[in-house]
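First comes the structure, then the notes that go with it.
Just so it is clear, the model here is predicted, and its values are computed rather than measured.
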Amino acid sequence: MPELPEVETIRRHLAPPLEGRTLRTLEILDPRWCRPLAPQELANALEGRTLERLSRRGKYLVWELTDDAYLLVHLRMTGNLLLDPQGAPPYTRVWLRFDGHDLAFADQRRFGTGELALGPQQLDSFFAARLGVEPLGEDFTPAHLLALARTSRAPIKAFLLDQKRIAGVGNIYADEALFRARIHPLRPANRLTRAQAEALRDAIVASLNAGLDAKGATIDDFRDPYGNSGAFQDEFLIHLREGEPCLNCGRPVRKLRAAGRGTYVCERCQPRPRRYAAASARATRSPARSA
DNA sequence: CGACACTCCTGATGGC
DNA sequence: TGCCATCAGGAGTGTC
């Protein structure tokens with residue numbers, strides 16, 4: 001599943017050949033891709049414009065076209081962008097035909113989307129409604145994460161997967177970061193200590209950078225625009241390692257469910273949160289009641 | 001606010 | 001061997 005490092009890997013491959021090129025045609029074969037817009041509406045809005053910059057926000061690829069028109073592409077589970085493929089790749093849903101380059105959006109499971117924003121204000125409100133802080137940006141400080149975490153009683157894994165809080169972390173990197181920081185996925189976010197929040201910030205950054213260095217993780221479907229797999233799956237510290245010895249202590253890695261997702265954990269290195277009694281939880285709230 | 005179910009989708013897997 | 005049920009999950013929506 002493409003997460004921040006996979007999307008960024010794609011962006012780095014595509015920006016050099018495509019920036020400065022004009023989008024001649026946008027052929028949307030699967031109308032679900034751009035719902036609720038009709039394929040022709042999106043094509044009419046974007047064809048003939050030049051790609052000024054290809055950027056990324058969270059797991060979105062942002063195609064910045066002439067006169068502040070933006071195509072916002074999300075790969076979801078199985079989306080891939082393939083540059084100048086030989087013939088049509090399986091499950092091709094969209095063709096972006098630039099001067100001199102053809103780009104295919106292939107997506108077996110059809111969760112991927114392409115959306116339109118016209119003008120910087122629409123772009124800002126699109127992301128403001130969906131995405132929180134960029135974890136590889138300057139704003140993502142330990143103090144920032146600590147402040148964010150204090151606002152949520154959700155399990156920390158659910159917290160990390162919430163794109164409105166931190167943009168770009170998905171199931172793989174959440175597991176990897178929690179293992180690195182020695183935090184159990186079910187620990188309530190607002191019960192992290194300051195030291196844990198600091199460790200977790202560093203662990204998120206380190207995990208994402210490790211994924212970037214390996215050019216992404218390929219579990220099933222991820223490919224870069226030239227069809228190559230990533231290598232990060234060979235470096236997982238905890239994710240997908242059920243039953244294997246913990247790299248730190250040797251205890252078998254357990255699989256559990258957190259936030260509805262398969263979640264991998266070493267229950268020695270990431271001790272389970274103590275269940276705290278309902279009474280003590282209540283005691284943290286104000287006992288006063290309005291009369 | 002949060003847990004949970006449901007939706008989208010299709011290939012892989014497990015049971016019998 | 002073949003068929004059916006179940007699972008996987010990013011994000012949006014809706015319910016309690």
Side-chain angles (χ1 to χ4, degrees), chain A residues 1-8 10 28-37 56-62 72-81 89-94 105-117 125-132 134-135 147-177 185-192 208 211 216-223 233 236 239-243 255-264 273 275-276 278 281-282 284-286:
Chain A
M1 305 106 251
E3 305 180 26
L4 186 155
E6 288 72 33
V7 178
E8 179 62 18
I10 292 169
I28 300 169
L29 283 45
D30 178 0
R32 287 173 184 270
W33 189 70
C34 55
R35 271 191 319 192
L37 288 187
R56 180 194 56 74
R57 178 83 172 86
K59 303 177 193 172
Y60 284 87
L61 270 180
V62 182
L72 310 171
V73 172
H74 199 303
L75 285 67
R76 288 298 203 283
M77 307 292 296
T78 57
N80 276 312
L81 285 163
Y91 313 109
T92 295
R93 310 297 181 193
V94 179
F105 183 91
D107 185 8
Q108 179 190 115
R109 291 166 73 176
R110 303 168 71 201
F111 286 166
T113 54
E115 293 173 80
L116 177 68
S125 55
F126 181 91
F127 286 136
R130 291 170 177 78
L131 301 182
E134 276 293 320
L148 267 184
R150 285 189 171 162
T151 67
S152 172
R153 288 187 295 275
I156 188 65
K157 170 110 185 213
F159 174 91
L160 292 178
L161 293 178
D162 183 349
Q163 303 299 298
K164 291 191 190 71
R165 296 185 158 116
I166 302 168
V169 176
N171 204 33
I172 296 171
Y173 295 93
D175 280 2
E176 293 292 294
L186 296 179
R187 174 173 288 274
N190 66 353
R191 290 176 61 84
L192 293 197
L208 293 173
T218 298
I219 294 174
D220 292 310
D221 300 285
F222 171 70
R223 298 291 184 277
Q233 68 282 356
F236 286 167
H239 190 70
L240 251 36
R241 298 191 64 243
E242 182 181 17
K255 181 178 183 181
L256 48 85
R257 287 194 88 72
R261 299 290 169 344
T263 298
Y264 299 84
R275 274 259 202 80
Y276 45 103
R282 238 178 282 122
T284 63
R285 300 190 208 119
S286 164

statement: Looking only at heavy atoms, the pair that brings A:Asn80 and A:Arg223 closest together is OD1-N, 3.0 Å

field: Nucleotide of C:dA8, B:dT10, B:dG2 approaching A:Arg153 most closely (side-chain heavy atoms)
entry: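 Selected nucleotide: B:dG2.
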
- prompt: Which letters describe nucleotides 10-16 of chain C, given B = protein heavy atom under 4.0 Å from base, S = only from sugar-phosphate, - = neither?
  reply: BBS----

Give one of base, sugar-phosphate or nothing for [X], where a contact means two heavy atoms less than 4.0 Å apart.
X: A:Arg35; answer: nothing
X: A:Arg165; answer: sugar-phosphate
X: A:Pro155; answer: sugar-phosphate
X: A:Thr78; answer: nothing

Is the side chain of [X] donor-acceptor paired with the backbone N or O of [Y] at a distance under 3.5 Å, no angle test?
X: A:Asp221; Y: A:Met77; value: no
X: A:Arg187; Y: A:Ala189; value: no
X: A:Asp175; Y: A:Tyr264; value: yes
X: A:Gln233; Y: A:Thr218; value: yes
X: A:Gln163; Y: A:Gly168; value: yes

How close or far is atom [atom2] of [N] from atom [atom1] of [X], stated in whole angstroms?
X: A:Asp220; N: C:dA8; atom1: CG; atom2: C1'; answer: 9 Å
X: A:Leu186; N: B:dA3; atom1: CG; atom2: P; answer: 10 Å
X: A:Asp162; N: B:dG2; atom1: CG; atom2: P; answer: 9 Å
X: A:Ile219; N: B:dA12; atom1: CD1; atom2: P; answer: 16 Å

Look at the side-chain N and O atoms of [X] and state whether any lies under 4.0 Å from the OP1 or OP2 oxygen of [N].
X: A:Thr151; N: B:dC1; answer: no
X: A:Tyr91; N: B:dG11; answer: yes
X: A:Arg257; N: C:dC7; answer: no

- prompt: Hey, what do you get for CZ (A:Arg191) to OG (A:Ser152), rounding to the nearest 0.5 Å?
  reply: 13.0 Å

